[in-house]
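Below is one structure, written out as structure tokens; comments come after it.
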Amino acid sequence: MTAAGAAPDRPREPGGGAALRELRDKARSLLDPVIRDFYEGGADSETALAENERAFARLALLPRILAGAGQASTAVRLLGADLDTPVLVAPTAFHRLAHPDGEVATARAAAAAGTVLIASMAATTAVAEVTAAARDVRPDAQVWFQLYLQPEPEVTAELVRRAEAAGCTALVVTADSPVFGRHGRDERNGFHDLPPGYAAENMRDLPGTPPGGTRPIAMSPALSWADLRRLRELTRLPVVLKGVLHPADAARAADEGLAAVVVSNHGGRQLDAAPATVEALPAVVAAIAGRIPVLLDGGVRTGSDVVTALALGATAVAVGRPVLWGLAAEGEDGVARVLRTLREQTAHVLTLCGARDRADLAPDQVVARGIREVPAC
């Protein structure tokens, strides 16, 4: 049984495992409350935000015994690259508001962990500097660039050119934002612009801006699959589609030749009525039918969450807020601690489930808590 028909909620402390809760609590004590709310908040009533974690808490893992699997491995191959962990760094905005080293610290920690950093278009450090920081640590570090398609094709084209020149190895198009989500915390706090001295650096010196100036990131409900095709004509980089929840969109992404999809509800920051990502995952995996990798973000807080997603068919997961907690609490060391903790927990849970790696897992090992029946022999 998968996420459908799950049992009622059980309490789950925010932040998942104890190690990440410690970093979260430290980050909360250090961050300006307005910035903390920006990072932690969601859309409208924050139902989707909360459900991302609660949905994982409603699921349990059925271990297999005497499997003879041996030492667990968290290694994964993704878009032609060998990674040390299936936990990627999701794109999140404005890292310099969490720590002076910002995205540079995050990039260094992700590279050292042997995983992918998905650099945000709304980063407070330009993508070329982010990629350079990662490659200083590991020459083959994987940095993907997250992109919102812009209504002006020339702006999108320039952003793609910069990502390519920086050495990014994939583009991640976030497609779940035809308009900005309504963030009640930011409205109450009056947080609408970056403080003086900070900017979304990837938006500087783009077509239509004065020299040295920046432009806002635009959202448009007029964008379509045709715009995505035009993007693919601009680049040889693999294009990943982020924000997929409907299985028909997943199937179309595979039909269109996308390199991968990310099951995501934008961390609960867009459509508050959206399902939890782990609940949407099984249908997306079924629609993809193994043609391209399926990734997931939203609510992953423990190694058990990682293994649950892998058992349900994800190739890898991505984490956003935990990385920001680590960054705010301890800078580069804090991000490294988050990624190390999740990798170690994942290996431990794989072993307890009788699996050497993702290939040894099966969907029937994920069950709803409170359900009495187990898979038939």
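All residue numbers refer to positions in the sequence shown, counting from 1. The model shown is predicted, which means the values in this text are computed figures rather than measured ones.
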Assess the residue pair Glu40 and Arg24 against the criterion (salt bridge (charged side-chain N to carboxylate O under 4.0 Å, His left out)); give the C-alpha distance rounded to whole Å, side-chain angles, the decisive distance to 0.1 Å, and a yes or no. CA-CA 10 Å; Glu40 294 195 348; Arg24 182 177 189 259; 3.3 Å; yes
Expected output: side-chain Gln270 to main-chain Gly181 donor-acceptor under 3.5 Å: yes
Atom pair CZ (Arg321) and CG (Leu327), whose distance is rounded to the nearest 0.5 Å: 15.0 Å
Donor-acceptor side-chain pairing of Asn265 and Asn52 below 3.5 angstrom: yes
So does Arg161 pair up with Glu158, basic N to acidic O under 4.0 Å? yes
Taking it one step at a time, do Glu51 and Arg58 satisfy salt bridge (charged side-chain N to carboxylate O under 4.0 Å, His left out)? CA-CA 10 Å; Glu51 278 295 297; Arg58 291 193 290 264; 2.7 Å; yes
Passes side chain to side chain contact (heavy atoms under 4.5 Å, CB included), Val116 versus Leu83? Steps please. CA-CA 8 Å; Val116 172; Leu83 309 179; 3.8 Å; yes
Residue pair Leu30 / Ala328: nearest heavy atoms and the distance that separates them: CD1-O, 3.6 Å
Check this for me: does any side-chain nitrogen of one of Glu103 and Arg96 sit under 4.0 Å from a carboxylate oxygen of the other? no
Give, for atom CH2 of Trp325 and atom CG of Leu20, the distance between the pair rounded to the nearest 0.5 Å. 6.5 Å
Trace of the salt bridge (charged side-chain N to carboxylate O under 4.0 Å, His left out) decision for Arg215 with Glu152: CA-CA 12 Å; Arg215 60 182 292 153; Glu152 305 92 334; 2.6 Å; yes
So, taking the atom named CG in Leu97 and the one named OH in Tyr198, what distance separates them when rounded to the nearest 0.5 Å? 6.0 Å
Output for pair (Asp357 CG, Leu310 CG), nearest 0.5 Å, gives 9.5 Å
Where do Ala254 and Ile288 come nearest, in terms of heavy atoms and distance? CB-CD1, 4.1 Å
CA sep, side-chain torsions, deciding dist, call: Thr156, Gln150, side chain to side chain donor-acceptor pair (under 3.5 Å): CA-CA 5 Å; Thr156 297; Gln150 296 298 280; 5.8 Å; no
With a 4.5 Å cut-off on side-chain heavy-atom distances among I, L, V, M, F, W and Y, is there a chain of contacts connecting Leu312 to Leu295? no
What's the verdict on side chain to side chain contact (heavy atoms under 4.5 Å, CB included) for Leu61 and Thr308, showing C-alpha distance, side-chain angles and the deciding distance? CA-CA 7 Å; Leu61 286 165; Thr308 296; 3.7 Å; yes
Answer yes or no: is there a donor N or O on one side and an acceptor on the other, between the side chain of Asp305 and the main chain of Thr302, under 3.5 Å? yes
Distance-only, no hydrogens or angles: does the Arg36 side chain make a donor-acceptor pair with backbone N or O of Ala27 under 3.5 Å? no
Does Arg230 pair with Glu233 as a salt bridge, N-O distance under 4.0 Å? no
Would Leu296 and Ser264 satisfy side chain to side chain contact (heavy atoms under 4.5 Å, CB included), going step by step from the backbone distance to the final call? CA-CA 6 Å; Leu296 172 141; Ser264 173; over 6 Å; no
Closest non-hydrogen atom pair, Cys353 against Gln365: O-NE2, 3.5 Å
Does a salt bridge link Arg232 with Asp227, judged by any charged N lying under 4.0 Å from a carboxylate O? no
Within 45° of the six-membered ring axis of Phe38 and under 6.0 Å from that ring's centre, is NZ or CZ of Arg269 located there? yes
Smallest separation among heavy atoms of Ile217 and Ala122, with atom names: CD1-CB, 3.8 Å
State whether the side chain of Asn189 and the backbone N or O of Phe191 hold a donor-acceptor pair below 3.5 Å, judged by distance alone. no
Same cluster (ILVMFWY, side-chain, under 4.5 Å), Val172 and Val261: no
Should Phe94 and Leu194 be marked as a side chain to side chain contact (heavy atoms under 4.5 Å, CB included) after you check the CA-CA gap, both sets of side-chain angles, and the distance that decides it? CA-CA 9 Å; Phe94 309 153; Leu194 285 166; 3.7 Å; yes
Heavy atoms of Pro86 and Val76 approach each other most closely as CA-CG1, 3.9 Å
Output the distance between atom CG (Leu159) and atom CG (Leu234), rounded to the nearest 0.5 Å. 11.0 Å
Consider only side-chain heavy atoms of I, L, V, M, F, W and Y, link residues closer than 4.5 Å, and tell whether Leu324 and Leu49 are in one cluster. no
Val285 reachable from Leu258 in the ILVMFWY side-chain graph, under 4.5 Å edges: yes
Would you mind reporting whether Ser220 and Leu223 have side-chain heavy atoms less than 4.5 Å apart? yes
Between Arg291 and Asp255, is there a salt bridge with N-O shorter than 4.0 Å? yes
Are Gln142 and Thr169 linked by a side-chain donor-acceptor pair shorter than 3.5 Å? yes
Asp84 vs Arg138, test: salt bridge (charged side-chain N to carboxylate O under 4.0 Å, His left out). Steps then yes/no. CA-CA 13 Å; Asp84 295 338; Arg138 189 166 178 156; 3.3 Å; yes
As a quick check of understanding, evaluate side chain to side chain donor-acceptor pair (under 3.5 Å) for Glu164 and Thr235, giving each step before the final call. CA-CA 8 Å; Glu164 291 174 335; Thr235 183; 2.6 Å; yes
Is the CZ atom of Arg252 crowded by more than 12 outside heavy atoms at less than 6.0 Å? yes
Looking at Asp297 and Lys242, is there a salt bridge between them, counting it only when a charged N and a carboxylate O are closer than 4.0 Å? yes
Output yes when Glu22 and Arg337 qualify as a salt bridge under the 4.0 Å nitrogen-oxygen rule, no when they do not. yes
Verify the cluster assignment for Met219 and Leu228: are they in a single hydrophobic cluster under the rule of side-chain heavy atoms below 4.5 Å apart? yes
Measure the CG-OG1 distance between Asp101 and Thr106 for me, rounded to the nearest 0.5 Å. 9.0 Å
Would you call Arg182 and Asp44 a salt bridge, using N to O less than 4.0 angstrom? no
Which pair of non-hydrogen atoms, one from Ala55 and one from Ala276, has the smallest distance, and what is that distance? CB-CB, 3.4 Å
Quick one: do Arg185 and Glu46 make a salt bridge, cutoff under 4.0 Å? yes
